[in-house]
Structure formats: C-alpha cells, structure tokens
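Each remark here refers to the structure printed beneath this line.
Scope of the values below: all heavy atoms of this structure, side chains included, with no hydrogens, waters or symmetry mates. The shown structure was predicted, so the numbers you read here are calculated from the model rather than taken from an experiment.
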Amino acid sequence: VPYATATSATKTQLRQTFQRLAGDEEILVRRGAVVALGDKFAKVLGSEGCSDLLSVFLTCCKDSKDGIKLQCVSTAVTILPFLSEGGVSQLALAYKALAADSSWRVRYMAADKLSDAAKSFSATD
C-alpha cells in the first residue's frame with residue numbers, strides 16, 4: 001500500500017485533501033468520501049488516521065442530505081474498531097443522533113445496524 005510507505009508530510013497532505021473532498025458542495029463527492037472512509041481508509045490508516053479523520057466523519061453525520069447520513073451509519077460500524085476510547089465515545093453520540101434523525105430511512109438504518117455497532121462498544125460507552 002503506497003500510503004504506508006509515504007512520508008509523514010505526504011500522509012498529512014493526503015488526509016487534508018480527503019477532508020476537502022468530504023466537505024465538497026456536491027453530494028456525490030461527499031457520499032463517496034464517507035464510503036471511502038469506511039471501506040478503504042479505516043483499514044489503511046489504522047487508528048492514527050481514523051482519529052485524524054473522525055472530525056470529518058462527525059461533520060458528515062450532521063449533513064443535511066439523507067444519503068450522506070445513511071452511509072454514515074454503515075461507515076460508523078466499519079471504523080469503530082479502529083478508534084481510541086475517546087473516538088468511540090464521540091462516535092457513540094453521533095450514532096445516537098443518527099438513530100433519532102428526522103428521516104425514517106436514517107433511523108431505520110441505524111436500528112438495522114445497531115447489533116453490529118454494539119459489538120464494538122464497551123459497557124462504558
């Protein structure tokens with residue numbers, strides 16, 4: 001994986017580029033960033049990178065578009081094992097907000113993935 005062999009400065013630049021993509025005005029770009037965060041980056045970056053990109057993910061959880069928030073539910077389950085205790089606590093609050101979202105589709109997806117998410121939460125979260 002090229003990311004693993006990159007210099008620290010290059011890794012930082014790549015994460016910043018990803019943050020800009022996740023904040024793009026186009027919904028498909030933001031949705032793609034959330035998908036990539038769960039599918040690819042969580043495995044490649046490990047706990048170091050996931051902690052850095054947690055703020056991006058939390059921002060996406062508050063997006064106005066249901067399609068972004070729907071994808072956030074699945075991504076949350078994927079990145080949970082890679083987060084520190086503080087990150088897990090923040091993600092738990094975001095997941096709770098998704099479960100109480102005004103969109104029934106987002107609430108349904110949060111309920112559907114709850115058992116998967118619960119496996120990664122400890123008793124203190």
[X] and [Y]: which non-hydrogen atoms are nearest, and at how many Å?
| X | Y | answer |
| --- | --- | --- |
| Gln19 | Leu53 | CG-CD2, 3.9 Å |
| Cys60 | Ala22 | SG-O, 4.2 Å |
| Gly38 | Ile79 | CA-CG2, 4.2 Å |
| Phe57 | Cys72 | CZ-O, 3.3 Å |
| Arg107 | Ser102 | NH1-O, 3.1 Å |

Non-neighbouring partners of [X] that pass side chain to side chain contact (heavy atoms under 4.5 Å, CB included), sequence neighbours left out:
| X | answer |
| --- | --- |
| Ala99 | Ala110 |
| Lys65 | Ile27, Arg30, Asp63, Ile68 |
| Asp66 | Lys69, Asp101, Ser103, Arg105, Val106 |
| Thr7 | Ala9, Thr10 |

Legend entry - Side chain proximity check, Leu91 to Leu80, heavy atoms < 4.5 angstrom: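 A side-chain contact exists here, since the closest heavy-atom pair is under 4.5 Å.
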Legend entry - Partners meeting side chain to side chain donor-acceptor pair (under 3.5 Å) with Arg20 (sequence neighbours left out): Thr17
Legend entry - Set of side chain to side chain donor-acceptor pair (under 3.5 Å) partners for Ser64, sequence neighbours left out: none
Legend entry - Any residue meeting salt bridge (Lys or Arg N to Asp or Glu O under 4.0 Å) with Arg31, in chain and number order, not counting sequence neighbours: none
Legend entry - Joint hydrophobic cluster, Leu98 plus Val77, side-chain heavy atoms closer than 4.5 Å: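 As far as the 4.5 Å side-chain criterion goes, Val77 and Leu98 are not connected within one cluster.
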Legend entry - Nonpolar side-chain network containing Val35, other nodes, edges under 4.5 Å: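 For Val35, no cluster forms, as it stays isolated from other hydrophobic side chains.
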Legend entry - Hydrophobic cluster of Val29, others only, ordered by chain and residue number, side-chain cut-off 4.5 Å: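 In the cluster with Val29 are Leu21.
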